[in-house]
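Reading through the structure tokens given below for one structure.
Owing to the predicted nature of the structure, the values given are computational and were not obtained by experimental measurement.
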Amino acid sequence: MALTQTPMQAEAARTIFEKSKPGRRAAVLPDAGVPESPLEELIPAKLLREEPPRLPEVSEPEIVRHYNRLSRRNFDLDSGFYPLGSCTMKHNPRLNERVAALPGHARLHPAQDPRRAQGALELMWLLQESLAEICGLPHVSLQPSAGSHGELAGLLLTRAFHADRGEARTKVLAPDTSHGTNPASVTMAGYESVKVATNERGGVEMDDLRAKLSDEVACLMLTNPNTLGLFDENIAEMAALIHGAGGTLYYDGANLNAVMGQTRPGDMGFDIVHVNLHKSFSQPHGGGGPGAGPIAVSERMEPFLPCPQVVRRAGENGGGPFFDLDADRPKSIGRLRGFQGNFGVFVRSYAYILSLGGDGLAEASETAVLNANYLKARLAEDRAGKHLPVAFDRHCMHEFVLSGKPMKRELGIATLDLAKRLLDFGFHPPTVYFPLLVDEALMVEPTETETKESLDAFADAIERILAEAEGDPDLAKSAPYTTPVRRLDEVRATRQPVVRQAFA
Amino acid sequence: MALTQTPMQAEAARTIFEKSKPGRRAAVLPDAGVPESPLEELIPAKLLREEPPRLPEVSEPEIVRHYNRLSRRNFDLDSGFYPLGSCTMKHNPRLNERVAALPGHARLHPAQDPRRAQGALELMWLLQESLAEICGLPHVSLQPSAGSHGELAGLLLTRAFHADRGEARTKVLAPDTSHGTNPASVTMAGYESVKVATNERGGVEMDDLRAKLSDEVACLMLTNPNTLGLFDENIAEMAALIHGAGGTLYYDGANLNAVMGQTRPGDMGFDIVHVNLHKSFSQPHGGGGPGAGPIAVSERMEPFLPCPQVVRRAGENGGGPFFDLDADRPKSIGRLRGFQGNFGVFVRSYAYILSLGGDGLAEASETAVLNANYLKARLAEDRAGKHLPVAFDRHCMHEFVLSGKPMKRELGIATLDLAKRLLDFGFHPPTVYFPLLVDEALMVEPTETETKESLDAFADAIERILAEAEGDPDLAKSAPYTTPVRRLDEVRATRQPVVRQAFA
Amino acid sequence: MSRYTSATPDDRAEMLAAIGAESTAELFDQVPDELRLNRPLDLPAGMSEAEVYERLAALAERNADAEREACFLGAGMYDHYVPAIVDAITQRSEFLTPYTPYQPEISQGGLQAMFEFQTMMSELTALPVSTAGLYEGPSSVASAGYLAIGATGRRRFVVSRGLHPHSRATLATYSAGFGAEIAEVGLEDGTTDAEALAAAVDGETGAVFLQSPNFLGAVEDVEALGAAARDHGALLVVSCDPMTLGVLRPPGECGADIALGEGQPLGNRLDFGGPSFGFFCGTEKLIRKLPGRIAGETEDVDGRRGFVLALQTREQHIRREKATHNICTAQALNALAATIHLAWLGREGFRELGELLARRTAYARDRLATVEGVELLHEAPVVREFALRLDAPVDRVLDRCAERGIAAGYPLGRDYPEHGDGLLVAITERRTPEQIDALAEALGAAIEAERGAFRSDSGIKAPEGVV
Amino acid sequence: MSRYTSATPDDRAEMLAAIGAESTAELFDQVPDELRLNRPLDLPAGMSEAEVYERLAALAERNADAEREACFLGAGMYDHYVPAIVDAITQRSEFLTPYTPYQPEISQGGLQAMFEFQTMMSELTALPVSTAGLYEGPSSVASAGYLAIGATGRRRFVVSRGLHPHSRATLATYSAGFGAEIAEVGLEDGTTDAEALAAAVDGETGAVFLQSPNFLGAVEDVEALGAAARDHGALLVVSCDPMTLGVLRPPGECGADIALGEGQPLGNRLDFGGPSFGFFCGTEKLIRKLPGRIAGETEDVDGRRGFVLALQTREQHIRREKATHNICTAQALNALAATIHLAWLGREGFRELGELLARRTAYARDRLATVEGVELLHEAPVVREFALRLDAPVDRVLDRCAERGIAAGYPLGRDYPEHGDGLLVAITERRTPEQIDALAEALGAAIEAERGAFRSDSGIKAPEGVV
Ligand SMILES: Cc1ncc(COP(=O)(O)O)c(C=O)c1O
Ligand SMILES: Cc1ncc(COP(=O)(O)O)c(C=O)c1O
């Protein structure tokens, strides 16, 4: 029998609401154990809800099946290679989940008195110290909730820093290769975003940078290696320039996985770094979070760090040290969120740092760079080398960017088609169409936790897809075939958005 | 593009050994922290191993991916309907997993002094009491590890019971519908197995029973409802007969899910009952265990229960009760295994009993019977009613048995074909070819945790398959199509067994 | 070889050969020598899995968590029971490990879950559009400020003092960046001073921020208070506790333009404050101005129903400096936990739970008010949390209760100097009537002891706020 | 509606209508009235999930588990570290919830895992065939007895006193059923008395049972001892601790026909004794006589590699009373845990772990032997467990150590009256040198205190076995 659709495709998507039936339920609640007075006696009727929200009415077995089956409609890192550039899809150790779930962590109330949360505060302090050492910058705030939150924090620090000197600067520079969150954060922090050009080696065009520097410039935001996966050798000069112009130098730490234990943002001259714990430090991505974006800063930025700050104080009466939340920071930019940050993420990342140790982290970066260069070399062979040239041809760091422009011209398939066809081969595609600078970009980040075999299999798949396309480009253009759904109409989802279940 | 195989079929099975590469590893071990003396100094060389076992050499990410992907090649209860007769595939609450994993349970050493394991012993005692109440028999041993172990225990108790009276009986009776473990246990316990015939109502043929009773008969093993899903109304008379002949009456508790809180084996006259905690009491089946098969017994069997027995003793000095392991049982048959039994299973089943309470258990059985009768009614309609008649046409208890004989004759497809075609529809098939009494048997047990919708969908699928078969029986005969592998050569696996990886 | 990598020496040699490099060091040649670290990181050596476990368990041991204490702490995060299926499902690698669903064909699980989440939050708040979630509560409040500027062009916010102090602080931090001025309106007997609010809102006001129940636990009359916003064309932003929306009139029915809040009570553990998620719902009109991911329904080329990230043209990866927000990685897994928890509670259970909380809260408030030295800080209606005044130094009373294994509540003096004697007590379904009685007893004993101590040492002045 | 069911009143009505019954009670008409229970079960009412959790957590709280104590208990089950991936994988519903793989097309995951398990156990024991596992250790020993009768037709077993007391007891229980006589051979300085063994084995002997390391921790010279079995055509059955097989010569190289044992040390938690699994390996000759499931490799109709339950003709569901064993539900999930643990350890790690244990054990034995009042019970080689003699009542010494948070070991007097003063001390990789030193100190202090107590109250007679 010839199949026309896979078993999953045969199963139409049904939401949990569509499985609801009046009177079904999963939860059984405890008895209140107190007088069952009518609600109206407790709360004025006008403040009460009339109709309960139309949550689904389903039994527990149905819930489990529903989400279990849904889960199988996801591709995940624990099932296959996920070389999504700029995302550092490295192995997520289950040990970290285990320690994060210990009741002493998981059921600790964030408003607990610091004297009764010494373990948690010490852990945060230890993580701060570790990140400070890794970044080469003395002070750390763990508060930001993700990379972009860290960026915003860094820009607000910059603003406070300048305000403290009586300056009001208005512009923030970032290369045209920068990640979308950079300019978005710039606007959100009340600055104007200015692009700096990229030179032929993939680094910052120094003349353009010089031209754009002025006393209006508050900050230069970079990532190094940059989003092309290339280390900008001019970093020391850039640092001198921006500092000379009175600005701060911000490091987007999304690419830290290339340099741990090899070189440090602080030593390069950066003032502020954010670290994506959900990238280099193995917090699982969760299908879009949670993460955490701690920032490490230089001495001169320290007074402005968010409140509260975790500090170690000398113990009383010769006892051990005492860990505390310090909110008495007059120059602080203040709070960026509730309580102390994404503590559960800190536990996981600290467990990761303990597991690897200093040497292990250095080796992780080294291997990440080795894997990327190997895969780049494999993709320089044969058809990939011809149709998918690397955008800047030199050793890369932990990732590299290919251009699908020749492929599109020569074979008639776009980067998107290649990506979709890769799905049929069981791979998550690389990041596509980013950085914007590179036409038909494919950004490939294998990470250090992949085997040589999986890199080879990926290179082989690309080769096969290109060979296929030489014969029949439509094969890629209509891909994917084997996924639970095939190409989806994204335009419609934006033009006529349906963003919630409609009820009859 | 027409698919010829599903994505999973395209992925050839590779074992973990085939992913091994010298020098890879996952585990990092602690330093010994003690002198690293050569092993030969500690243990005579002749006692030492020369070559380490050829365990795979793989990294942790590879292990996770390997077993993750393997897992997706399993069908499971949390993904779909699993009406496997005689197996009680009811919902497995995750609460039970959570409480079983509490360190106080999971890391408690079985040789811990009872004074320092009071919580565990009390839990076992509470479970014993609960099972005693459910079974209507005063004494319980939790020791047996599964149903068949319970059967063996019960037969050894019977032997001890008779020996204690100076009798040596040699035969054990069981109906021809009995489960395979029954006669196998009989042989293992040193008895001869004698079959009793089934009457036209699906119950025990009383004349045959009477004819086979004698003072050589040690025991009559039954399950009620029996494996046809039918309650044998003559049970009281049978009990009188076997007791009159000096034998014991054994209850195979695999079908207890039909009768919890409705009727009790003890009240029916049974002397010994085993309970499959992995059936009625929600312990997950684990792909073939673990389970547990506690036995409940009447007063006269009590002296012979296995050792040790969990007992409650009055507290000293007016304190609370003390729970102990009692090994001072001179008439006991002795141990059936190490330590105290499958405690982790006890935790789960006790949590289940606490969750449902007495009423909840009764309602579970009631709903199990309702679901079975409803599905039976649905399958009496249309094509199923014609080609797949129920073997004994009366109200069933928690399961029922159909015969595929007409289907085979009329449509040319066997029960096995129907079962295999059901796989393509996303259902686990019923138990097939059991009980042996029914030609081309299909034994269907929906359990109480299924929705009416899933019963309907199953009935609809059967209808569609039969309709298909009217047109093209080969469709079923060559099924399945969509599973990771298709029909497998089981004969070869027995004739030329390959039961382990070969190394080059 | 470090843990989790797999390149063997042979692999390395083969890979270097393919690259055409002598050593991995060569690959790092692009990093100028003077910038190389050239020494090991000053961090402890790596540890075995068992050792890491022991180390972290030893740290955890030094925290007084809600497994060990009867926890009456709230202030925005609550010790609800998280059903076991939440963990079982969210720990499935298929949900745990993927990135944001950029490739919808292989992310239908996550996308559909987002769509279900949005529907649930939309139902809870009675607003038609929900995003897939932001970081957490207070920063969501700040994000609403950013949205209000974009939507109204006005840079002035009026904020109730009943808004969570962390939300007010975060809004202030963000406002220093995007540029906005904040006017705060005080509380009167527990709820927002309606007159002062009406007076504070003007034609320059971009948004009015309320919270209900507010930080002192009092249920606000949002509809009445919101009139001022409506009248002046300001957005009405209501922060709320989702767990109360089974019983309280939802913001969408009270005229709110935006309803948002801390999502932790729904299916997320305490985790010392995170990760959790912020929910963010709005009117149809605001749909193209909302922050963060939104999943939408669509079809594939074969006409199959499917889900994608919708309205991406709002987002940073498309619009860069013109994006409605800078958020990228959010809190998808935490939102999934909420979705499962809400499905588990279901229509009936969710309301029942709200009622249970309201009744136990009423019981607790009455019970504690009978304790000598305790009185109500306000008389406004409450549903899950309430404020008391203690006639003894709050911190010392808390210490004494902690000795009995009770975290008695949140000392209001941390954030409200005017309530230095205030204690905020939170109730969940895990706080049994017996625990409430034990709290009453502990509070009574602690206050009595403190008063004794105070009397017996008249040299010590009563702390401020304590009579 | 009880928890976990889903039939609403409407569902019930529709279903009854389809059945043609008035009520569900009618469905139970087949149960004679006088057998109906007609009253509620006398069990507590059902509880909410949170309440069940609290209840079970309160029970768990009353156990001194290895998370709280430094656990030197062994005697067949050991406090090894179970890596987190074991839980993560075994808790996946795809492994957790299916039945025995009767439908191989949709059970390839479980079947392949069994095949991998069998390969690993076969490698560990150096015997060519492994089953997919039995219940646990001691009952596997008894099952070997049943096999031996089938294979040799002889009903006499010779058993070393070094065999785990639970194994000897279980073999005896089973033997009372299938009919076999057991002769026990004693120990000499810790190991099986070779001469007595040779004398005990005769032409009627069906099997000789040894354990190495034996219950006292001593490594036996299996090859030498096994000669008696070989000479008389009896099967040599060797029970072993799988965790020692990275360093000890495997049974298959020592002439064993069957190697079996308790599988708990491999990836299974302590669980107060179960569930774990028993492994069972044999020679090629015995393949059709083995008990329990065996997975085998085969092909599907399209030539794809696949796995099935092989050799089912041995089993109860096919052969009924002629089956080689009665086992049906076994311990598949526990065997999977072992498989993952062994893959995680890997070829090198498994050996290293064995060496680590041997070295720490040597250290501990030396260290403890220096304690005043402690001497070695035997001098035979040990690799993970060893026996001491204490010059004070063992139970009281254990109590004193427990007060310091140390479970000092297993009192041999429980099973060996001749060793009333014996203490069996087990080592795992979780028992650090610091803990070993702490044990030495605790033992020393306890013995000293007990001797003091004994001296100061000369009315009390020294317990038997203590000088
Ligand atoms: C280069 C770069 N910068 C910043 C970010 C933003 O980080 P987050 O998603 O944690 O907000 C990303 C994430 O994709 C990134 O790749
Ligand atoms: C009727 C019946 N009896 C006995 C058993 C054996 O139980 P277990 O598998 O727990 O040994 C089964 C299990 O399938 C059964 O269905």
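A pairwise comparison of heavy atoms in Asn68(A) and Ser93(D) identifies ND2-OG, 2.8 Å as the closest pair. Of all non-hydrogen atoms in Arg94(A) and Ala88(D), the two that sit nearest each other are CG-CB, 3.6 Å. Residues Val82(D) and Arg98(A) come closest through the heavy atom pair O-NH1, 2.7 Å. Taking every heavy atom of both residues into account, Thr5(D) and Ser59(A) meet most closely at O-CB, 3.8 Å.
The closest side-chain heavy-atom distance from Ser6(D) to Glu62(A) is below 4.5 Å.
In this structure, chain D has heavy atoms under 4.5 Å from both the backbone and the side chain of Pro30(A). With a threshold of 4.5 angstrom between heavy atoms, Arg72(A) approaches chain D through side-chain atoms but not through N, CA, C or O. Only the backbone of Leu29(A) comes within less than 4.5 Å of a heavy atom of chain D; no side-chain atom from C-beta onward does. Contact of Asp11(D) with chain A is made through the side chain alone, with heavy-atom distances under 4.5 Å. Both the backbone and the side chain of Glu49(D) come within contact range of chain A, with heavy atoms under 4.5 Å apart. Contact of Pro22(A) with chain D is made through the backbone alone, with heavy-atom distances under 4.5 Å.
Heavy-atom contacts from other residues, nucleotides or ligands closer than 6.0 Å to CD of Glu441(D) number 12 or fewer. A 6.0 Å sphere centred on CG of Asp437(D) holds more than 12 heavy atoms belonging to other residues, nucleotides or ligands.
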